[in-house]
Protein chains: 2
Amino acid sequence: MTVQKRRTQDQRSAETRKLLLAATIQSLMEVGYANTSTAGIARRAGVSRGAQTHHYPGKMDLIVAATEEMFAIFSDGLEALAAELRAGRLDYDGFFEAVWDNVLKGDWFYSSLEIIVAARGDEELRRHLAPLILELHEKFEATWSRSFVATAPGLVSARVAMNLVMNVFRGMAVQAVLRRDERYFREMLQALKTVIAVHVRPVEPGK
Amino acid sequence: MTVQKRRTQDQRSAETRKLLLAATIQSLMEVGYANTSTAGIARRAGVSRGAQTHHYPGKMDLIVAATEEMFAIFSDGLEALAAELRAGRLDYDGFFEAVWDNVLKGDWFYSSLEIIVAARGDEELRRHLAPLILELHEKFEATWSRSFVATAPGLVSARVAMNLVMNVFRGMAVQAVLRRDERYFREMLQALKTVIAVHVRPVEPGK
DNA sequence: TGTTAAAAACCGACCGAACTGTTTGTTAAT
DNA sequence: ATTAACAAACAGTTCGGTCGGTTTTTAACA
């Protein structure tokens, strides 16, 4: 006989939603969008299907809410690393290594890739996600421009350099799906750092 | 009353298969993997479902065969552009523009992205695709190393530079799904050319 | 060369499984 | 008592795979 804790309605809602969103992200990460079903999410979350439909009536609601959560995790994570860099507790190389590690090892990147790709074939999903992506990019750029300065802004601005880096990471992660080769990725990462270092450097710590 | 052309069995097979593979690629491009069904493919191809199952019994057979076709189109296209570059009929800038144009405008890139992402959640599909990807990469590297030389091979080799470029393109294409901004992409492309030009240059035409 | 049996290509109906959304009923909180 | 949270069964659809039957081509043979 388990003891029933008394929880407020808000607590019950919040906990159930949290479970559902975490299960959604996990499902996208593990089995991909094509194999992610609302029933499967409810099962993973340990929540009845009725509870799931109550909080998120349609599959789209679940996906969009999970995406918001992922993007928040992502931008918070990047900002935390950038703060370490600005504080001088992480150097240029270490920062890149840490970001890449976050991309490849964290749940959120591949989950968001699944969703973005799915959105390509789903007009409604795309409409919901587009503003979220724009907001995410703005946060990225804000974080990045607080942390790096361009050596020759007229040629390659800090903002553009950042987008190059993020795009390389995106591309590498896609490639990693079918080509899991640690040595190759270390080589790529090293080259990326070299190539970007020409155009951008961290702000002076403490400045 | 249409006149029935007499065709050999080989011709009939080849034509039907061609229609089915083209329809598969088109379907992946237009509606994505999640919304691509075997019945839909047969409909697009103007082929009965029976004929489809005869030539490609399972969905996987269809997908794998279509992937082989796409990869062939892709590597042939890149080699053709590189040949133009080597012949001096295309300069460094023009080559990059043309490759990017191929990526964004052609059917094959997003189709292959759909398949790669789907493969992440499907062990069997991944097993079938992995060797195809390796073969494709080898062709890329062969084409590229015939066409470019590194300025400082010890620092960033021609091979690694190419992979950086391809990864940036991959990343940009993914980004383009939710952020269709022509100006932004031109800016990125310009920066990419600038950044890579430091480490790599085309072989001398005619050499 | 004309005939015909075998093989290949093609057709479309059918089946079970899985999924999303809906609905009706129950329990817990206010 | 009223409302929100939770539970579970149900309905309609779609999908991938299977299968018996038909048409076209091939090839053996008289």
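Letters A, B, ... mirror the listed sequences (proteins, then strands); counts begin at 1.
- Taking atom CD1 on A:I63 and atom C1' on C:dT20, their separation rounds to 13 Å, with Å as the unit.
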Filtered N/O pairs between nucleotides 11-15 of chain C and protein, under 3.5 Å:
from   : atom 1 : to    : atom 2 : distance (Å)
C:dC11 : OP2    : B:S48 : N      : 3.3
C:dC11 : OP2    : B:S48 : OG     : 2.9
C:dC11 : O5'    : B:S48 : OG     : 3.3
C:dG12 : N7     : B:G50 : N      : 3.4

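- For the atom pair NZ (B:K59) and OG (B:S37), the distance works out to 7.0 Å, reported to the nearest 0.5 Å.
- For C:dA9, one of the phosphate oxygens OP1 or OP2 lies less than 4.0 angstrom from a side-chain nitrogen or oxygen of B:H54.
- For DNA chain D, the neighbouring residues in residues 32-42 of chain B, judged by any heavy atom under 4.0 Å, are B:T36, B:S37, B:T38.
- Annotation: A:F95 is in aromatic contact with A:F148 [ring centroid separation under 6.0 Å].
- When rounded to the nearest whole Å, the span between NZ of B:K59 and P of D:dG17 equals 8 Å.
- Following rounding to the nearest Å, A:Q11 (CD) and C:dA28 (C1') show an atom-to-atom distance of 13 Å.
- The interatomic distance linking A:L62 (CG) with C:dC19 (P) rounds to 14 Å, in whole Å.
- To the nearest angstrom, P of D:dT26 lies 8 Å from CG of B:D10.
- By the neighbour-count criterion of 12 heavy atoms within 6.0 Å, atom CZ of A:R146 is densely surrounded, having more than that number from other residues, nucleotides or ligands.
- Following rounding to the nearest Å, B:R12 (CZ) and D:dT26 (P) show an atom-to-atom distance of 9 Å.
- Rounded to the nearest 0.5 Å, atoms CE (B:M29) and OG1 (B:T36) are 12.0 Å apart.
- Residue B:M166 holds its CE atom at 6.5 Å from CG of B:L78, rounded to the nearest 0.5 Å.
- Between the OH atom of B:Y56 and the C1' atom of D:dG16 there is a distance of 18 Å, rounded to whole Å.
- Between A:S13 and D:dA4, a side-chain N or O to OP1/OP2 separation shorter than 4.0 Å is absent.
- For the pairing with A:T143, the side chain to side chain donor-acceptor pair (under 3.5 Å) check across A:E79, A:R86, A:E138 returns one residue only, A:E79.
- Taking CH2 of A:W100 as the start and CZ of A:R186 as the end, the distance is 10.5 Å to the nearest 0.5 Å.
- The ring of A:F74 has its center closer than 6.0 angstrom to the ring center of A:F140.
- Between the CG atom in B:D122 and the CD1 atom in B:I115 there is a gap of 11.5 Å [rounded to 0.5 Å].
- Residue B:H55 places none of its side-chain N or O atoms closer than 4.0 Å to OP1 or OP2 of C:dA8.
- Atoms CD (A:E15) and C1' (D:dC6) sit 14 Å apart, rounded to a whole Å.
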